[in-house]
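None of these values were measured; they are calculated from a predicted model. Index from 1, following the sequence.
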Amino acid sequence: MAINGKVEIRPMMYLALSYDHRIVDGKESVGFLVMVKDFLENPEKMLYGTDPVKALLEL
């Protein structure tokens, strides 16, 4: 990965989602994956006391 203009070796996790295109639009599925990625990278957003609707709208 490129970090501050330097190439660094970093651990990475791949995340995939399977869904039925007849039921779920691609835009919503990508938004869901972005939300999951954000929660994994910033777990403090999942703590109690935060407004989940507001957190989703901030993505």
Margin query: Going by side chain to side chain contact (heavy atoms under 4.5 Å, CB included), name the residues that satisfy it together with Asp20, two or more places apart in sequence or in a different chain.
Written below: Arg22, Ile23
Margin query: Considering only residues two or more places apart or on different chains, which pairs with a residue in residues 6-17 satisfy side chain to side chain donor-acceptor pair (under 3.5 Å)?
Written below: none
Check: Linking I/L/V/M/F/W/Y whenever any side-chain heavy atoms sit under 4.5 Å apart, do Ile9 and Met13 land together?
Finding: no
Pairs under 3.5 angstrom only: tabulate donor-acceptor contacts from the side chains of residues 24-32 to other protein residues two or more places apart or in another chain.
| residue | atom | partner | partner atom | Å |
| --- | --- | --- | --- | --- |
| Ser29 | OG | Tyr19 | OH | 3.2 |
| Ser29 | OG | Gly26 | O | 2.8 |

Notebook entry, point to check: Which other residues belong to the hydrophobic cluster containing Met1, where Ile, Leu, Val, Met, Phe, Trp and Tyr are joined when side-chain heavy atoms lie under 4.5 Å apart, directly or via other members?
Noted result: Ile3, Met12
